[in-house]
Trainee: 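The following block contains the structure, expressed as structure tokens.
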Amino acid sequence: MKRQAVIDFSAPSVDVARRLIGAVLQVDGVGGRIVETEAYDADDPASHSFGGPSTRNATMFGPPGHAYVYRSYGIHWCLNFVCREAGHGAGVLIRALEPTDGLDRMRERRGLDDVRLLCSGPGRVAQALGITRSHDGMRLDRPPFHLRPPALPPGVLTGVRIGISKARDVPWRFGLSGSSFVSRRFS
DNA sequence: CTTTCGATGATCT
DNA sequence: GATCATCGAAAGG
């Protein structure tokens, strides 16, 4: 019996973000290949965890390998994976998927047909997968979550993070090389 | 193709 | 009162 490969979430968020590219993420069987991620860390002014624990970011300071879900601009939900050890405050934002499973369910939830627009952005990913605050704190290695690392290391592109006003020059955005499902092209 | 702007509510100062 | 890890529609080139 060959043991199922897993992601090591106790690693720095930058490493986890890079290694997550190409992994398959499903929630209740709906999901796809992760094609875009961003890393956030405790010493990072752009991170929710910068400045220490609070009500919103509490999960970021919990054990690694759990989901951190927050509300963005009062409208959208965004999904993160907690990294490092409990108390540290690091995470990876899941920014885009290439849809592979449950396309009809995603189209229902998103209210549109174009595959390119189903999961190309963090708010879109959460809506397509049915992620809400109820998923905050859940383990990623148990249902409804399912996560499978790529069989082979894919080509990964690097860039600066999107939509932040602090630490804009930090190159902690990662994308699957050649993917047309990223939220924005890599320069 | 690009830029701009409103929506909408929790969080923080 | 200001900011915000966004999205989608609208307007402009």
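Just so you know, these numbers come straight off a predicted model, no measurement behind them. All chains are named by letter (A, B, ...) in the order of the sequence lines, taking the proteins before the strands, and each is independently numbered beginning at 1.
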Trainee: Under 4.0 Å between a side-chain N or O of A/Ser54 and OP1 or OP2 of B/dC12?
Mentor: yes
Trainee: Verify whether the ring centers belonging to A/His48 and A/Tyr70 lie closer than 6.0 Å.
Mentor: yes
Trainee: Salt-bridged, A/Arg161 to A/Asp44, with N to O below 4.0 Å?
Mentor: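 Counted as a salt bridge, because a side-chain N and a carboxylate O are separated by less than 4.0 Å.
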Trainee: Using atom CH2 of A/Trp77 as one end and atom C1' of B/dT8 as the other, report the distance to the nearest whole Å.
Mentor: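 Spelled out: CH2 on A/Trp77 to C1' on B/dT8 is 13 Å.
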Trainee: If only side-chain N and O atoms of A/Arg173 are considered, is one of them under 4.0 Å from the OP1 or OP2 phosphate oxygen of C/dA5?
Mentor: no
Trainee: Is A/Arg133 close enough to B/dA10 that one of its side-chain N or O atoms is under 4.0 Å from OP1 or OP2 there?
Mentor: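 No.
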Trainee: Could you state the CG-P distance from A/Asn57 to B/dA10, rounded to the nearest angstrom?
Mentor: 17 Å
Trainee: If we call it a pair only when both distances are under 3.5 Å in a Watson-Crick or G-U wobble match, what pairs with C/dA5?
Mentor: none
Trainee: Across all strands, who's sitting opposite B/dT3 as a Watson-Crick or G-U wobble pair, both distances under 3.5 Å?
Mentor: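 Per the H-bond distance test, C/dA10.
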Trainee: Between A/Arg95 and A/Glu38, is there a salt bridge with N-O shorter than 4.0 Å?
Mentor: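 Between A/Arg95 and A/Glu38 there is a salt bridge, with a charged N closer than 4.0 Å to a carboxylate O.
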Trainee: Can you see if the side chain of A/His76 gets near the phosphate of C/dC7 - specifically, an N or O under 4.0 Å from OP1 or OP2?
Mentor: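 So the side-chain polar atoms of A/His76 never come under 4.0 Å of the phosphate oxygens OP1 or OP2 of C/dC7.
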Trainee: Would you mind reading off the distance between A/Leu93 atom CG and C/dT6 atom C1', rounded to a whole angstrom?
Mentor: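 Rounding to the nearest Å, CG of A/Leu93 and C1' of C/dT6 are 11 Å apart.
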Trainee: Counting distance only, does the side-chain N/O of A/Asn57 pair as donor-acceptor with the main-chain N or O of A/Gly52 below 3.5 Å?
Mentor: yes
Trainee: How long is the span from the CG atom in A/Asp104 to the CG atom in A/Asp113, to the nearest 0.5 Å?
Mentor: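 It comes to 9.5 Å.
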Trainee: Can you tell me how far C1' of C/dA5 sits from CD1 of A/Ile94, to the nearest Å?
Mentor: 12 Å
Trainee: C/dC4, C/dA5, B/dT8: which one has an atom nearest the side-chain heavy atoms of A/Tyr70?
Mentor: C/dA5
Trainee: Send over the distance from A/Lys166 NZ to C/dA5 P, rounded to a whole Å.
Mentor: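 These atoms are roughly 8 Å apart.
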Trainee: Consider the side chain of A/Arg124, meaning its heavy atoms from C-beta on, and name the nucleotide among C/dC7, C/dT6, B/dA7 that approaches it most closely.
Mentor: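 Of C/dC7, C/dT6, B/dA7, C/dC7 is nearest to the side chain of A/Arg124.
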Trainee: Give A/Thr55 one of three labels, base, sugar-phosphate or nothing, depending on what nucleic acid heavy atoms sit under 4.0 Å from its own.
Mentor: nothing
Trainee: Please report the distance, rounded to the nearest Å, between CD1 in A/Ile75 and P in C/dA5.
Mentor: 14 Å
Trainee: Quickly work out the A/His48 NE2 to B/dA10 C1' distance and round it to whole Å.
Mentor: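 It works out to 11 Å between those atoms.
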Trainee: With DNA chain C as reference, determine whether A/Arg110 or A/Asn80 sits nearer its 5' end, using the nearest nucleotide of each.
Mentor: A/Asn80
Trainee: Does the side chain of A/Ser47 get closer than 4.0 angstrom to OP1 or OP2 of C/dA5 through an N or O atom?
Mentor: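 So the side chain of A/Ser47 is outside the cut-off, no N or O lying under 4.0 Å from OP1 or OP2 of C/dA5.
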Trainee: Just the rounded figure in Å: distance from C1' of C/dC7 to CZ of A/Arg71.
Mentor: 14 Å
Trainee: For A/Gly74 and A/Gln127, find the nucleotide of DNA chain C closest to each by heavy atoms; which residue's nucleotide sits nearer the 5' end?
Mentor: A/Gly74
